[in-house]
Amino acid sequence: MQDILPEGGVVRKLWIGEAAKYRDHMLRLDPHSRHSRFGGGVSDDFVRDYVDLSLSVDAVVHGFFLGGAMRGAAELRPLGSGFPRQAEAAISVEKPWQSHGVGSALLRRTLLAARNRGYRLLHMACLAENRRMQQLARKFDAELSFDFGGVVGEVESSRATPLSLMREIMADHHGFATAMLDLQSRMLRA
Ligand SMILES: CC(C)(COP(=O)(O)OP(=O)(O)OC[C@H]1O[C@@H](n2cnc3c(N)ncnc32)[C@H](O)[C@@H]1OP(=O)(O)O)[C@@H](O)C(=O)NCCC(=O)NCCS
């Protein structure tokens with residue numbers, strides 16, 4: 001399915017060396033979005049430590065990038081060691097880019113990554129009053145089952161297939177090519 005994103009934006013994996021972009025995105029979240037993302041009010045220092053930890057535990061981070069800045073992020077973190085079958089997912093989109101399809105594109109890509117890594121169960125910590133996240137999750141209820149009765153939503157993802165692996169590889173190639181073009185055009189403008 002084609003993602004509909006704000007013009008000029010792309011969803012791709014975060015690369016090594018882009019930690020600062022992830023941290024800056026998280027720090028730019030408005031207070032309400034930050035509260036929803038972390039399930040409560042947290043300080044800037046907490047956010048910085050959180051990002052450092054995430055990037056040190058094998059998380060797969062997808063970002064929504066526009067003009068070189070990261071404006072949305074989806075994180076997929078394995079739960080447990082060895083070959084974990086469960087993971088945790090969390091999404092954040094900066095306010096001006098909310099309700100433009102970015103969260104949907106990020107969740108779609110995260111579900112594909114979860115499937116290809118063999119995670120059978122995805123936990124999504126979500127406040128019970130977070131209707132928007134629940135609406136977003138419901139869009140995928142053909143391929144997943146969510147239970148938001150409690151605070152944590154659980155998702156059963158389908159098994160990986162050669163086609164699902166190919167979809168992730170192709171998305172990575174596309175993300176790389178688009179980022180290179182974006183960098184080139186910004187260097188030419190400078
Ligand atoms: C929850 C969040 C990730 C959704 O991202 P988004 O980019 O706004 O999502 P989308 O634009 O793809 O919209 C997804 C669905 O949410 C619903 N939605 C969008 N805007 C909405 C609004 N203003 N009010 C209610 N529902 C809304 C719609 O059902 C929409 O699907 P549709 O456009 O096909 O009808 C984003 O609002 C956010 O970052 N919130 C703060 C952090 C957070 O709550 N994270 C979740 C905890 S893990």
Side-chain angles (χ1 to χ4, degrees), residues 1-14 21-44 46-51 53-55 57-67 69-79 86-115 117 119 121-157 171 175:
M1 188 198 251
Q2 188 75 24
D3 291 325
I4 299 165
L5 291 169
E7 204 184 330
V10 61
V11 167
R12 64 164 171 84
K13 282 191 186 125
L14 187 74
K21 290 190 179 184
Y22 187 25
R23 191 171 48 239
D24 291 349
H25 155 66
M26 289 298 219
L27 288 169
R28 275 193 302 264
L29 289 176
D30 65 283
H32 183 258
S33 298
R34 191 190 281 198
H35 185 276
S36 302
R37 170 63 178 78
F38 290 100
V42 296
S43 67
D44 285 359
F46 178 94
V47 172
R48 287 190 192 95
D49 290 347
Y50 175 89
V51 168
L53 178 72
S54 287
L55 298 178
V57 294
D58 243 0
V60 178
V61 179
H62 282 94
F64 166 67
F65 293 87
L66 192 67
M70 190 177 190
R71 300 296 183 180
E75 191 177 314
L76 180 68
R77 253 193 214 208
L79 289 175
Q86 299 191 22
E88 189 177 27
I91 306 188
S92 51
V93 179
E94 288 174 39
K95 204 169 175 58
W97 286 273
Q98 289 178 7
S99 304
H100 288 89
V102 175
S104 304
L106 286 167
L107 182 55
R108 185 173 297 114
R109 206 62 72 74
T110 300
L111 291 173
L112 180 62
R115 180 177 180 181
R117 280 154 190 76
Y119 302 143
L121 205 57
L122 271 197
H123 297 263
M124 298 187 79
C126 174
L127 293 172
E129 69 261 23
N130 194 341
R131 298 274 168 245
R132 189 179 284 201
M133 184 62 221
Q134 291 165 28
Q135 282 292 110
L136 168 54
R138 279 200 194 96
K139 285 178 65 178
F140 293 85
D141 66 3
E143 51 179 306
L144 333 151
S145 61
F146 277 89
D147 173 11
F148 280 112
V151 180
V152 173
E154 289 192 344
V155 174
E156 272 183 59
S157 63

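Here, residue 1 is the first one in the sequence, and each next residue gets the next number. Note that ligands are numbered from 1 as they come in the structure, with each ligand's atoms numbered from 1 the same way.
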Review point. Would you call E94-R34 a salt bridge at under 4.0 Å N-O?
Key: no

Side chain or backbone, does [X] bring an N or O within less than 3.5 Å of an N or O on ligand 1?
X    : result
M133 : no
K139 : yes
I91  : yes
A90  : no
R37  : no
H100 : yes

**Study point:** Working for side chain to side chain contact (heavy atoms under 4.5 Å, CB included), residues H35 and D30
**Key:** CA-CA 9 Å; H35 185 276; D30 65 283; over 6 Å; no

Which of the numbered atoms in ligand 1 are below 4.0 angstrom from a heavy atom of [X]?
X    : answer
V102 : 7 (O), 12 (O)
G103 : 5 (O), 6 (P), 7 (O), 9 (O), 12 (O)
Q135 : 16 (O), 17 (C), 29 (O)
S92  : 39 (O)

Review point. Is M124 near ligand 1, meaning one of its heavy atoms is under 4.0 Å from it?
Key: no

Review point. Do any heavy atoms of R131 fall under 4.0 Å from ligand 1?
Key: no

Considering all heavy atoms of both residues, which atom of [X] and which atom of [Y] are nearest to each other, and what is their separation?
X   : Y    : answer
E75 : S54  : OE2-OG, 2.7 Å
W97 : V102 : O-CG2, 3.8 Å
H25 : G72  : CE1-CA, 3.6 Å
A74 : L106 : CB-CB, 3.8 Å
L66 : G8   : CD1-C, 3.3 Å
Q86 : Y119 : O-CD2, 4.1 Å

What protein heavy atom is closest to [atom], reported as residue, atom name and distance in Å?
atom                    : result
atom 4 (C) of ligand 1  : L136 CD2, 3.8 Å
atom 42 (C) of ligand 1 : S33 O, 3.5 Å
atom 47 (C) of ligand 1 : S36 O, 3.7 Å
atom 8 (O) of ligand 1  : S99 N, 2.8 Å
atom 39 (O) of ligand 1 : V93 N, 2.7 Å
atom 12 (O) of ligand 1 : S104 OG, 2.5 Å

Study note, to complete from the structure: Paired with S33, the side chain to side chain donor-acceptor pair (under 3.5 Å) test is passed by just one of K95, R132, Q98, namely Q98

Exercise for review: Determine whether the side chain, the backbone, both or neither of N130 has a heavy atom under 4.0 Å from any heavy atom of ligand 1.
Suggested key: side chain

Review point. Can you tell which part of H32 has a heavy atom less than 4.0 Å from ligand 1: side chain, backbone, both or neither?
Key: neither

Exercise for review: Check each of A137, G101, A105 against atom 11 (O) of ligand 1 and report the one with the nearest heavy atom.
Suggested key: G101

Review point. Nearest to atom 22 (C) of ligand 1 by heavy atom, R132, Q98, E75: which?
Key: R132

Review point. Counting distance only, does the side-chain N/O of R115 pair as donor-acceptor with the main-chain N or O of T110 below 3.5 Å?
Key: no

Practice item. State the CZ-CZ distance between R109 and R12, to the nearest 0.5 angstrom. Key: 11.0 Å

Check your understanding: Would R71 count as a cation-pi partner of F65, with NZ or CZ less than 6.0 Å from the six-membered ring centre and within 45° of the ring normal?
Key -> no

Point to revise | R37/I91 under side chain to side chain contact (heavy atoms under 4.5 Å, CB included): CA gap, chis, key distance, verdict | key: CA-CA 7 Å; R37 170 63 178 78; I91 306 188; over 6 Å; no

